[in-house]
Structure formats: structure tokens, C-alpha cells
Amino acid sequence: MTTAPVRPNPLKTRPVGGDRTWLLLAYTAISGLLLVFMRDLVADGPMKMLQPVLFGGFLLSLLFAYQWKAAPWAKMLVFAAAIVFVLPFMGRSNTSYFDLMIQMMIFSALALGLNIVVGLAGLLDLGYIAFFAVGAYLWGIFGSPQFAEVTGNPAFAGGINPAYFWLFIPLAVAAAAGVGVLIGLPVLKLKGDYLAIVTLGLGEVIRIFANNLSVTNGPQGIDAIESAPVPWLNSLAHTLGFAEDQYRLFFLYILVLGVIAVTIVVNQRLDRSKIGRAWIAIREDEVAAQAMGVPLLKTKLLAFATGASFAGAMGVIFAAKQAFIDPKSFDYFQSIGVMSMVILGGMGNIPGVILGAIVVTMLNLMVLPTLSEVLQSSFPNINQNLDPSKYQRLIFGLVLVFMMLYRPEGLLPSERRKHEMHSDDEHPAVDSITTENLNHGGELGGHLRDGSGVETLSPGLATRSDNERTGSEK
Amino acid sequence: ATVVKIATISPLSGSNSNLGLQIKNGAQLAVNEMKAEFAKAGMTLSLVAYDDQADPATGTAAARRAGADKAVLGVVGTLNSGVVIPASAAMAPSHLTFVSPANTNEKVTDRGLKNMNRICARDDAQGPAGADFVMDNLKAKKVYVLNDKTPYGQGLAEQAEKQMKEKGASIVQSEGVAAEERDFTAIITKIQALKPEAIYFGGLYGQVGPFAKQLRDKGINTPIIGGDGFDSDDLTKLAGSGANNIYFTTVAPPVDAVPAAKNAAAAFQKTFGSEIQGFGVMGYDSAKVLLQGILNAYKLNKNKVPTRTQVETAVRSGTFKNLTTGEVKFDKNGDRMTAKMYVIAVKDGNRSTAGTVNVIRK
Amino acid sequence: MLELRDIHTYYGQIHALKGLSMNVNQGEIVALIGGNGAGKTTTLRTISGMMKPKQGSVSYLGQNVSGVPSHTIMGRGMSHVPEGRRIFPQLTVRENLEVGAYTVSNKKTVEERIQEGFALFPRLKERETQLGGTMSGGEQQMLAIARALMVAPKLLLLDEPSMGLSPLFVEAIFDIIERLNKERGTTILLVEQNASMALGIAQRAYVLQTGEIKLSGQAADIAADETVRKAYLGDE
Amino acid sequence: MSILDVQGLTKSFGGLTAVNDVTFQVPERGIISVIGPNGAGKTTFFNLITGIYTPNKGTIQLAGKSLVGLRPDQVVDAGISRTFQNIRLFPSMTAEENIMLGRGVRLKSGYWDAILRSGKFRHDEAEALDTARLMLDFVGLGKWRNELSTNLPYGDQRKLEIARALATTPKLILLDEPAAGMNPRETEDLKALIRAIRDELGVTVVLIEHDMRLVMTLSENITVLNYGSKLAEGLPHEVRNNPEVMEAYLGRGAAAGEHGKEARL
Amino acid sequence: MDLQTIGTILLQVAVGGLSLGVLYAIIALGYTMVYGVLQLINFAHSEVFIAGGIVGYFVFEALKDASLNGYLKLIVACLAAMLVSGGLNVLIERLAYRPLRGAQRLVPLITAIGVSLVLQDSLRFLVGVRGLFDLSVNLPKGFTNSITTFLGVNISLLNLQVKDIILIGVAGLMMLGLNLLVNHTRLGRAMRAVAHDRQTSGLMGINSDSIISLTFLIGGALGGLGGVMFAMKYQALNAYSGTIPGMKAFTAAVLGGIGNIPGAMLGGLVLGWVETFLGVVSLFQGIPGLHWLGAIKAEYKDLGAFLALILILFFKPAGLLGKATTEKV
Ligand SMILES: Nc1ncnc2c1ncn2[C@@H]1O[C@H](COP(=O)(O)OP(=O)(O)OP(=O)(O)O)[C@@H](O)[C@H]1O
Ligand SMILES: Nc1ncnc2c1ncn2[C@@H]1O[C@H](COP(=O)(O)OP(=O)(O)OP(=O)(O)O)[C@@H](O)[C@H]1O
Ligand SMILES: CC(C)C[C@H](N)C(=O)O
Ligand SMILES: [Mg+2]
Ligand SMILES: [Mg+2]
């Protein structure tokens, strides 16, 4: 009994096309060189719009490396070149790229965490950002002058010894997981959108507390948050020609990479295990799952806590990166944002989710701002009501809508989910018959199956006011 | 010619965008005005406007983007103290100078950053000034204090409350209401029961307007006092029939009080198709301070385009004139040494100056 | 009355019906039999517009209805008892019947037909206000049939109506089918696993195998066919 | 010696008593059928045993251990597994995964094992896969291994459900109308499969069926429910000839032997 | 603190909470209708709702000089707003939700968020950055008058205004009408059938697309009406004004049992009351033994709304009036 478990095939991603090793290398090289050498040429004027194009174009090589059929060494080479050379180089020459890349990775990790909850276990959590807040405030309070305020001990004017940063990552993981369990215990028996709205509410509760309590310094937020002291890395950064104010970002870049790697491994390993199967099972049919021996509450709690713990760890890193946190960074729109990354990218699929995070973050922090800067400088004296910068969110909204209409299954869907989608483009039957509506009587009726045990919550327009469950007596 | 830019960072979208646009357009006006002078010195001047969405994280990212653009020599901004605190800290190592038109929280300058300056009054000047007005002019002894749970509103209300307490007023209640809230049923019920003689509200006109209206609708005519957050023409429009018995402190002079402001107002109206308001005036002045600072640094740098560090020093050490709000000179922390603060009264929908206070920092 | 010509229907990549042609004449009972996955259900779905054939045509009452949405077709006197019953779980028994009569605008007629349904299946009357979803499997099957009868259909498509019914009721159902046909002249297309009984009441039959018609003819002849007996009737 | 012992089981919904004071015993390694008219309470009876409903009254014991109050997943753990009247497979899982999921309840490795890929985990996973293949072959679905369960033909889905239930190594398996939607030919295969479950795997079988040919030839003992109460119990021929059962359930046709499979009892 | 003061405050809370609650309720009805038929949280509803307010406002402006009775103008404004919001909602459904019919449930949720963002900024384009204000100039006479006596009893301390009474009346009528429609008409049954199973509904001759459109029309029209009520109540609005009431209203819908019409109504009221009560509760710190209430300041009132939600769902997982039905396996 030593046969290694083989992954059943519908979950494998199929590489696209024939062997494209050289194409991949060529693409990477060209886009990388373009990015590095054109960056000063496109620094100004309308040409600025090329910045996101070049950067995005280069990032695409990572996607191609993942998707195309190519020699493994070439793929590794592309990843290594990007992560070790090109990206840090860009960061060095332009701090805002550094900031952007780290933010992308933080969101990727958040999206991966939420992916476990929503993508794998099917629990709609609209308050996910609360766990991020737990991590951020945990370190924020201890690792900043706020600690002196809280303890009333001026010895802590700069917070506790920043070396404790390392301790606070696992602490935040534990704390977020703990909060996840605490919140999960009472609410995880709720179904579908009831869960969504309660988690949304809980997210808001945590934010409101942060805004009103004095440990969190209320709306003023906490500033001067420390990061871990890593002198050797700093001197490495120095040798590599990074500016002093980039040292922290350099360190965090490496740290976040590490955390993402761990996140991916955990995500993948759980997905491909008894627990992962149980998550899919409860997502598809709670009653059957339970009747096959899956303990519902425990399994859901595991998903909730695991997802939360990633957010907790990332919170610590976010606090260290921003050096300032306040309740605004944790409002419900942030939860929605992470949710849109997961869905846009492709629920349940790790590369898809990361892609979603990168696309949305890049759109928000690079493409749209650049666009409005270009427009602003082209029309400096425009009527106040027509100001171009105001279309940022509008465009973001349009992008969301069109991306979903164009690829409802996400940019890189998981094979499993793709199947569930059953978009049936070729011949849209009157109402395309999906697995769900075949077995459960419609996507909507399928909602019925959200019931655990046997309780279901009246999904559709609720029926009668009086309780008429059974007929006349016999 | 070398390209030289200044940036504005302010909320251009979202519900604070009205004020953010004022700052941006005020600065744009100053840039338009001084373009020629820069051109003479061989510099092509332009403005880049960044949107911070009133969000600290977005604002910091915007500051980093500005920082990455080597042609940007300084920033006018932001609107919200919560944004400027982390953004200026992030830019401190690269010496990117901020001249703030609107950030009143003490922490903004109390951190002692070299690159952070402001031309507006601090909360601990505004708050006490408002408090003094409540007690000395309105002769109120029972005061209800409300804030909008933003860094600005809360900080300001705290300062005012502190001063009033010191002067022996009784604070019947001090509490908060979310900045987005527009329904004041509960608060008004409370005010009816507590019967204060004055209401101090640390918040913005967008919220105060409806509050005043709802309050007056219930027949309560208690005076409402606040800070520069009230400074918008829209306050009276939003309050409608309730625009009565409202007072606020601000550094921005009433447009008709200063001749310089009148010209700016006319130009603003012509260029952007809407009226200039307090924050537009402040944005205009901040940009002028920054631009004059750059020119000073230019001269010191032997008529070459100055470095950011040089601009930083020049702004901190210079004396700036020809502004709508009077002369600007910064102290060691970047606070304005002397400023005139106005107390504006709103009566029957009309604004008038109810008094002035001279703020002097040592 | 109903004619299918060279129908090809797909589920995504799966080619479920491969050039199927058949017809049902006014006043007939036609049985459609075949093993699991032969495509019987798909055929009915294609007829009633739940699925759109990729190729071929369905004509009903002389009109081409392929690709016409089911709600339009159903408005023209067709009725379909779907596989798996598809009761509206959150509607009461009576409401299920009322929804079945959606296209009937006369309130009195609706009430009459409900009473007829109750007469056919007294259990439904007993459970008039019970939620459809909590009925037992067989009870739901009764409800599904009664619901389909609410429009007094000209053409009735039945997908395994006897599934899950007790022997007593299986007989009753077949009885009802015969009577509908005889007394009201309802044309019936019947899909059944219980092939011998289906062939017992049908005039004609088609045998379907992997999406194609393998055999067709008079029901009695089909019932007598050696291979059919072996494959579908369970004779050794 | 009876493996399952049910005493006085009662369940009502509002005013309706769906299962009324039913006493029921299943001998170890038996094949027992539960029949009865539609709405007699058969499925509800299964739901009570498997913990989906909690009984109003009565006791349920599996090999001496009480099951009342246990959650469904705990009942599976205790050794009772089931299939559903309306098939409930996990549509986006392959046939193999469906079974591996069922096996989960017998696997010892936990959360950390999965993350760390410990030896225990790898052993478990291999074991689950072996079980899945074994079970697929056992029910004759080997070729569908990597097919998504929803793509299987209906009859095969029923068999897959059985395989999934068997993967939990139950002492007792409950089958709710396993032959529904199968033609007589396929029903024959099913009969052989059910026998094999008992003979080769040693699992006790209780089934609900309306297909009398299957019931009469397969079961060793039959319990008849009517309006929630036990109407009759006994050997197939006893039940078949019970006039009350004929009246309530089988109908005259069955006795008269006219047509259809029910006719050929 | 004497009993009379306490009583007065409680009465004022009851009335104030009521007039806030019915506003939530009207908006909540729109959420609940759409949710009921598509199981979709229509994030764009808050914009559909505020669009109604904006339309109503413009109509009012346009009719400023018309020699119509003020209340007639109000009715015209309401009708126009209902038409526009209803139409907008139908349009949204056609463009952003219908193409996603077969897709996962979360997908239309994301397009809904997208549409909401698009609408927010488009509306702002319409009303300008500064929003609209001071509707009161045009309002019917006596509209904001306080009601001081009722049947000869002095009720001035209830703080009741004519507009509150109108608001409450309109909301009550809406709820009754909708409840009748959904539970007792052919159309209502069709809606519920479509909600559960569109395919089978098709087999019953129901055109599910039309039913869904109709539901969006009704939901949107309710939103539009709510928007006008909102504009009347606060007399100022901008493109973002819909967000907070929208979120509260959705909470109310869930709290009452989503998909349930009386539930939405009750949920709105409960929320209105809880919020208002928590806003004033610190007044009761004067009562012996209750001084700790002083810590519950007004800033906690939103917290209270969500805590109420969580608490209620903890004990009644289907909301106040939603009922947990049993799924038969
Ligand atoms: N929703 C679906 N998705 C994919 N394939 C399907 C779907 N429904 C049916 N099929 C496939 O189409 C073919 C025909 O199926 P259909 O349901 O029409 O058969 P049937 O004759 O009704 O069988 P049964 O007797 O089991 O009901 C089968 O190969 C089946 O696997
Ligand atoms: N949750 C419930 N609420 C109300 N009534 C119920 C519920 N579950 C079952 N019933 C009723 O209890 C009775 C027994 O149902 P059950 O499903 O056990 O019957 P059955 O014997 O399995 O019938 P069939 O052979 O038709 O499947 C039925 O009349 C049914 O309507
Ligand atoms: C809008 C303004 C009143 C901002 C405020 N002065 C602040 O510092 O945040
Ligand atoms: Mg079929
Ligand atoms: Mg049953």
C-alpha cells in the first residue's frame, strides 16, 4: 500500500498549446527588457499610460509560464528571473512599484485565505477583512508608540522591541483563527446569505469597535508602527543599491513571498486531502455530506479558522508595511474587494485567485490612477463636475461587470468549478441545464440544499404567514 | 526647459470629493498664475493631481507615486489628517515637502517631520477658539459635544471640550456619530432631553447641514459651533431653513474680506465653473507657498532646479507673502507662526464675520 | 401532432441525441423505452423546449417549435411530467396545482380541475396545505401528475410516471393514462422503465439506445421482440 | 442476534404521525425489506435511524449502542450508512472522489497531517484511494473512475451511491428505493450486487423498494408499514399473501397476475 | 430622572424609530423582492433607490412654478421616480444579471457591486459633486409642520411631523399591497415558483424572464418611492446617500427573514427602533443602578443594529418572520 495517491484528472489544469519553451523565454526576456529600459521614457505625459502596459505585460510572462506548455526549467527560470531580478530591480528604481508589488502579494494572500472559505467550503463571508484587522491591530498596538499609551509606561515610547515581530506573526495567526472560531461557532449554522450578512455585520462590529475604543486609538489610528529589525538584510539591500527608505519594503517583499509560498502550500495541501473533499462536499450538498460522515460544524470551522489565520498573518505584515493603520482600512468595502478578487480570478483555483488579486490591485493602484493622472494633466482646467479622476470607480465598476459577463467562471477557473458553471455557450438552451438545476431543481431551488441537517430556510419569496406545514390530520 | 511639477493629494472621488476638488483646483489656479514666472526661470511648471479617496492606504500609495516621479518637488495636501499622517511619514526619507491646506490634527506637525508643513490652524488652536466663543460670546454654560468619529472631528471636539471644561462649562454629553450618518432622530431626542445651551460639533458641513435642518425643524434653536469643516457655502444650502445660529472657526478668510481672495475667486469661477470655497482658498495659498519655496530654493541653488531637500529647507525657512490668508512663516515643526482665525456666523442663511482671533505660535 | 426530425441534442460536449426522428399522432399513446442514459429524458426535454436541439426540427401541431422556450410551447396545450418530479418545494400542494394551471385564466375551471386532481389522488386532498417539499416520494409523484393535468393537455409527456409508486398506484397510474387517452382523447408520449406495462397500454413504441432509435413499430410487436425482451424486460 | 434493534419508534410532523410506534429488528448479515404504500413513513423511518430526524419516542440501538440523539455523521461513524431516494452525489467530484469522501470517516489523519503531509496522511490517502478503486470495481463502475459523478447514467449513479456508502465500512447499509428508475434487466444486476454486499462484504442490508419482484426474491424478511405503523412482518410469501397487505399495498393486479413486473411476483 | 421624562423619551424613541424604520422598510422591500426571486443581494438597489430620490427632486424642481396642489406635485414626483427606478432596475437585470442566469450565485453578486459603483458615479455626474439640497422650498404646504394635537390631545412632545405620517402611511400600504400580491395572486405564485425552479416554471407555462423583470420593476419602483420619501425626509441628497440606508435596509430585510414581505417591514422597524433607542439610551444613566448606560454613547448605535441582527439570527436563524422549513431527504 505505498501507491502515491494520484490526483483524479478533472482537476488537472491542461497546459495550453504545443511546446512553447522558447516563445516563453523570448516573451519574458523582451517584456522584461522593455520594462526595465523603457521606464524612464514613459515617465511623463500621455506616455505614462504605457507604464501599466509594460508592467502588466511583464507580469503576463508569469501567467504564461504557468499556463503554457514549456520545459519545467524554462518555467522555473522565468519565475526566478522575475522574482529575484526584474521585480526587485523595478522596486529599487521606483518605490511605488515596490509598494504596489507588496500590496498585490498581500491581497493575493488574503484572497487565498478567502478562497478557502468561499471557494472551497462555499461559505459566503463578507466580513473577512475583520481578521486582517485583528492581525494588523495586534501588531499595531504592540509595535508602536500606542503601546506606551495603552500601558501608560513611557518606557514603551517606541512600542515593544520590534524583534517580537517574529513572534507576532504566529500570534496573529492564532488570534485570528481564535476569533474565527469564536465568530464561527454561533453563526456557522446559518445558511447561505444569512451567513453572508451576519459576517458582514460582524466585520462592521469589529471596525466600529476599532473606531471607538481607546486601545486602537479610535479614528485617529495608530502610526509609527515598527517592522522587524533585520540588519543583515538591510546591509544586503544597501549593497544592492536600494535607498534607505526602501529597506523595509525590501525586507517585506521577501517576507511576503515566503508567507505566500506557505499559504499556497497549505491551500493546496488542504484542498487535496480529506478535509478539502469534505469542504467541497458540504458546499455541494450539506445533507449528503453529513450523512456520509462529515461533521458539518467542525469542517466549516476549520475552513473559517484557516482562512482567518492567513488574514491574521497578513495583517501584521500590512501594519508593518503601512506603518499606520486606522479603521478605514478595514471597512466592508475591503471585504467586498477581496471577494471580487476571488471570484474574478476563479474561485477554488489557486493561480486564478492570485491572478484575480493581481488584476484588481493593479487596476486600482496603477492602471486607474495613471489613467486619471494622464487625463488630469491633459485637461488641467476642466469644469469641476467633469473632473476625470472621478471616473476611477466608475471604470472599476464597468471592468467588474464586463469581466464577469465575459468570463463568469473567472479568469482562470478551477476545472471543477468550470464544470459547475456549465456555461453552455454553444447552444444556450432556454435555460441552460446545469448540474445544479438538474439535481436540485434549479440554481435557485438548489439553494434549498443549503440546509444542514434538514432545516432549510425559506429561500424564495416566503410563503404563507401561518404555519401550514402538514395537512389535515388523519 | 526642465519639467517641474507639484502634486496635489486629496479626495477627488467619494463623498469628500467636493472639498478635495477645491484643494486641487485652488492649487491649479496658483500653478496657472505662476507658470510664467517659472518659465522665465527655465522651468516648465505643471500640476499632477492624485486621488486619495480620503483613505490613508490609497493616500500613501498616491504619495509614493508622487515620490517616484522625480519631477515632483512638493505636494499640496491632503484634506484628511488621517491621510496626511502616514503619507508624509512615508515621504519623509525622500524629503518630499508637504504643504497642507487643511490638516488640522496636532499630530500632523507634532511628529517633527522636516517635510510636513501646514498653513491651516491646528485643532488645539481652533478647538479652544471655538470654545472661547461658546463661553465668552454665546455665554453658554451647558454644552453638548458631538463629533463625527473621524480623526478630524474627534480631535477637534476633544480640544474644544478640554478648553470648555477648563473654563468651567458643564459638558452634558460628549459623543460621536458616524460621519456618513444623516439621520439625527436619536441625537435630537437626546438634545431635547438634555437641553444644552450650545452644541459643539466636530464635523464637516455635509453632515452639519442636515443636522441643523433636522434640529431646527423640531423647533430647537440652540447654537451650533464647529471648525473649518463647516467652511463651505453648501452648509447654508444643506441646512436650508435651519441655517441659523451656526458658528465656525476657520483660517480661510471670507472671500469678500480680502481683496486678493476676490481675484482668486473670480479666476476660479471662470476656470472651473464653480465658486471657490474655503478649501479652494487654502489650496491656492498652499500651492503658492510651495511654489515660492521652490523659486527661493532655485535662487539659492544658483538658478538651477533645486533638489527636494533644498525645497524642503526653503519652504520651512521662508517667509511667504501675497497670499489671501496673510503672511506665512513656519515654526520648527512646520506650523504657521501667526495666522488670523475668523469666527464666521451663519444667520438666516447668510454668513458674516463674528470675530477674529490671532493665533501665534512660539 | 408531434414530429421530430433528425434531432441532435448536446449536454456541453456530450452528444445525447444523435439524429433522432419520431412522430406521435393525434390520439395515440406512444411508449419510448430504452436503457439508462439512452436519451429518453433528453428527448422529452427537447420536445418541451427545456433544451434546444443543435440540429433538427421539432414540429408540434404543424408548427416548428424547436428553440421555442418551454413556456410558449406549454401555453399550447402540451404538458410535461418531468423526471425527478420537480415539485415546488416551498409551495403547498394546492399552490403547486394552481401554478400548474398558470395558463388557465378562468378561476372556476382551475377550481374544477383541482377537484378532479383531488378525486384522482385523494392523498393530495388530505394534504392540501402541506408544503410540496415535505411530501413523500410517491406523493410528490402524484402531485407532479396532477399538476400536469391542470391544463387539460392535448399532448402529455410523461417521464417515468410510475417511479417510486407503490404497486397499487402503479396500476392506478396506468389506468389513469389509459382513461385520459380513451375518455379525453389526450395524446400521450410515455417514457417508462416499466416497459412491459408501458407496452401494454401503448399503441406504438420506439426503442432508444444511446441517442438513436433502434427499433420502432406497434407496441405489441415490440413487446414480442426477442432482443427487447432480453434487454429491457428482464427476461433471461 | 439482531444488529439493529428499534423499539417503539415514533415521529410526528405537526398533526401527522409519520412513524408510529414501530418496533423493528434486523438480524446480523440479513437482507430485510421495508415496504408500504406511498407516504407510509418508510423514508422517515430511515431518516430517524440515520439521525436526520430525532424521534419523538422510542429507542434505536446498533449492536447494543444507542443512536438516539446522535448527529448523522456520528451515526455513520457508529456503522450505519445509507443511500437516498433522490440521488445525492457530489456532482463536481469524480466517482472516485465521491467514494474517497465516504471513506473519510474511517481515516485517522487530521488537519495538521494534511498540511504537513505526514506519513499517516499519505498512508490514509493511499488507503482511501485503494478503497475507492476496490469499491468501484465491486459495484462494477471501474471504468467511470475519473468521470464526474453527474455525468454517469442514472442507474450507475445509484450504484455509485451504494459504493460511497460502502466505503464507510458500515455494519449496516440502508438503501432507499435502489431500483427506482432501473429497468428489469438492470434490477437483476442490482439484485446480484445487493447479495454480494451481504455475502462478500458481510454488511447487513435493509432496503425500501416498490419493485416487488426484487423484494420478494431478495429479502429474507419483510416489514410492511402503513400510515406510519407496522402492518405486517414476515417471510416474503407470508407478506405476499397477507390480505391486508394486498388491500393496502399490492393491489388486486398483483394477486391476479395480469401484466407488468409486479404481476410476476 | 422622573417617570414622566422617561416616558416622554421612550415615546419619542418609538415615534422617531418608527419613521426611520418605515424608510428602511420600504427600501428593504425592494431588496427582499429581488432576493426572493433570484437569491441575489442586489447591491445596486441603494443606487436605484437614491436615483428615485434624485428624479423626484428634479420633478419637484420642474414643477416649482406649476399651479398644482403641492400634494399633487408630490404624487407626480413619486410616480416619475417609481417609473424611472423601476425601469432602471429592469435594465440592470437585463444587462448585468440575466446573461449570468446559469452562473454561480456569487457571480451576479460581483456584477451587482460593479453596477452599484457605475451608478454611483454616473448619478454624481447628474447631480454634481455637491449633491442636491433644500427641497423644502418646493414642498407642499404644511408638509413639515409638527402635529401638535391629535383628537384634542396634545402630542407635541412626540415630535411628529406631517411628512412622517405620510411616510408611515405609504409604507403600510405598500406592504399590504405587496403581501397580497405575492401570497394571494396568480402572479405571486408564479414569482414564488420561479424563485424555486425556473425550468419547471417554464413547464408550467410561466415565462420566468418576464416574471423576473416584473419583480425587478416592482422592487425598483418601491426603491424609487423610498428615494422620494428619503428626499422628503432629509431634504438633501447626493449620489452616495443611498449606501448607508441601503445597507441598513438590507440588514433589515435579513433580520425580518429575507424574502418575506412582512418580515422586511418588521425588520425595518426593529432596526429603526434599536438604533434610535441605543442613540438615546445613555440618558437613562440617571436611573439608579443604570449608570453604566452612560458608556453606551450614540456612536454605538450602528453596532447595536448589527448586534441585534446577530442576536436575532442566533435564536431565529431564518430571521424574525422567516421560517425554517424542513427539507425532505
Ligand atoms: N445534465 C446533464 N449533463 C450532462 N450529461 C447529461 C445530463 N443529463 C443527461 N446526460 C447524458 O445524456 C445522455 C442521455 O441521458 P437521458 O437522461 O436522456 O437518458 P434516459 O434515457 O432518460 O435515462 P434514464 O433512464 O436513466 O432516465 C446520457 O449519456 C447522460 O449521461
Ligand atoms: N418534514 C415533513 N413534514 C411534514 N410531513 C412530512 C415530512 N416528512 C414526511 N412527511 C410526511 O410523512 C409521511 C411519510 O413520508 P415518507 O417519506 O416517510 O414516506 P415513504 O414511506 O417513504 O413514501 P414513498 O414510498 O412515497 O417514498 C408522508 O405523508 C409525508 O408527507
Ligand atoms: C475636511 C477637513 C475639515 C479636514 C480636517 N481639517 C482634517 O484635518 O482632517
Ligand atoms: Mg430519464
Ligand atoms: Mg420514501
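All values below were derived from every heavy atom in this structure, side-chain atoms included, with hydrogens, water molecules and symmetry-related copies excluded. Bear in mind the structure is a predicted one, so any value in this text is a computation, not a measurement. Here is the naming used below: chain letters follow the sequence lines, and residue numbers restart at 1 for every chain.
- For the set Ala63(B), Pro93(B), Ser81(B), the count of heavy-atom pairs under 4.5 angstrom toward chain A peaks at Pro93(B).
- Heavy-atom pairs under 4.5 Å with chain B peak, among Thr370(A), Asn364(A), Ile208(A), at Thr370(A).
- Contact annotation for Ala89(B): neither backbone nor side-chain heavy atoms come within less than 4.5 Å of a heavy atom of chain A.
- Contact of Gln220(A) with chain B is made through backbone and side chain together, with heavy-atom distances under 4.5 Å.
- For Ser93(A), the part lying under 4.5 angstrom from a heavy atom of chain B is the backbone only.
- Between Tyr152(B) and Asn105(B), the closest side-chain pair of non-hydrogen atoms is not below 4.5 Å.
- Counting heavy atoms from C-beta outward, Met90(A) and Leu35(A) have side chains that approach closer than 4.5 Å.
- Taking CD of Gln103(A) as the reference point, atom CG of Leu100(A) lies at 8.5 Å (rounded to 0.5 Å).
- In this structure, no portion of Ala92(B) lies under 4.5 Å from any heavy atom of chain A.
- Interface remark: of the candidates Arg65(B), Lys5(B), Gln154(B), Arg65(B) forms the most heavy-atom pairs closer than 4.5 Å to chain A.
- In terms of heavy-atom pairs under 4.5 Å with chain A, the best-connected choice from Val48(B), Thr60(B), Thr150(B) is Thr150(B).
- The part of Asp326(A) that comes within reach of chain B is its side chain, from C-beta onward, which places non-hydrogen atoms under 4.5 angstrom from that chain.
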Audit row: Asp99(A), Arg64(B), salt bridge (Lys or Arg N to Asp or Glu O under 4.0 Å) steps and yes/no: CA-CA 8 Å; Asp99(A) 197 57; Arg64(B) 288 227 158 89; 2.7 Å; yes

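- Using a 30° and 60° split on the angle between ring planes, Phe98(A) and Tyr253(A) fall in the tilted class, from 30° to 60°.
- Proximity to chain B involves both the backbone and the side chain of Asn212(A), based on heavy atoms less than 4.5 angstrom apart.
- Between Asn234(A) and Phe242(A), the closest side-chain pair of non-hydrogen atoms is not below 4.5 Å.
- At a 4.5 Å heavy-atom cutoff, Asn147(B) makes no contact with chain A through either its backbone or its side chain.
- With a 4.5 Å cut-off on side-chain heavy atoms, Met91(B) and Asp245(A) do not count as touching.
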Evaluation steps, salt bridge (Lys or Arg N to Asp or Glu O under 4.0 Å), between Lys162(B) and Asp124(B): CA-CA 10 Å; Lys162(B) 204 167 103 200; Asp124(B) 54 7; over 6 Å; no

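- Chain B forms more heavy-atom pairs under 4.5 Å with one residue of Asn94(A), Asp223(A), Asn217(A) than with any other, namely Asp223(A).
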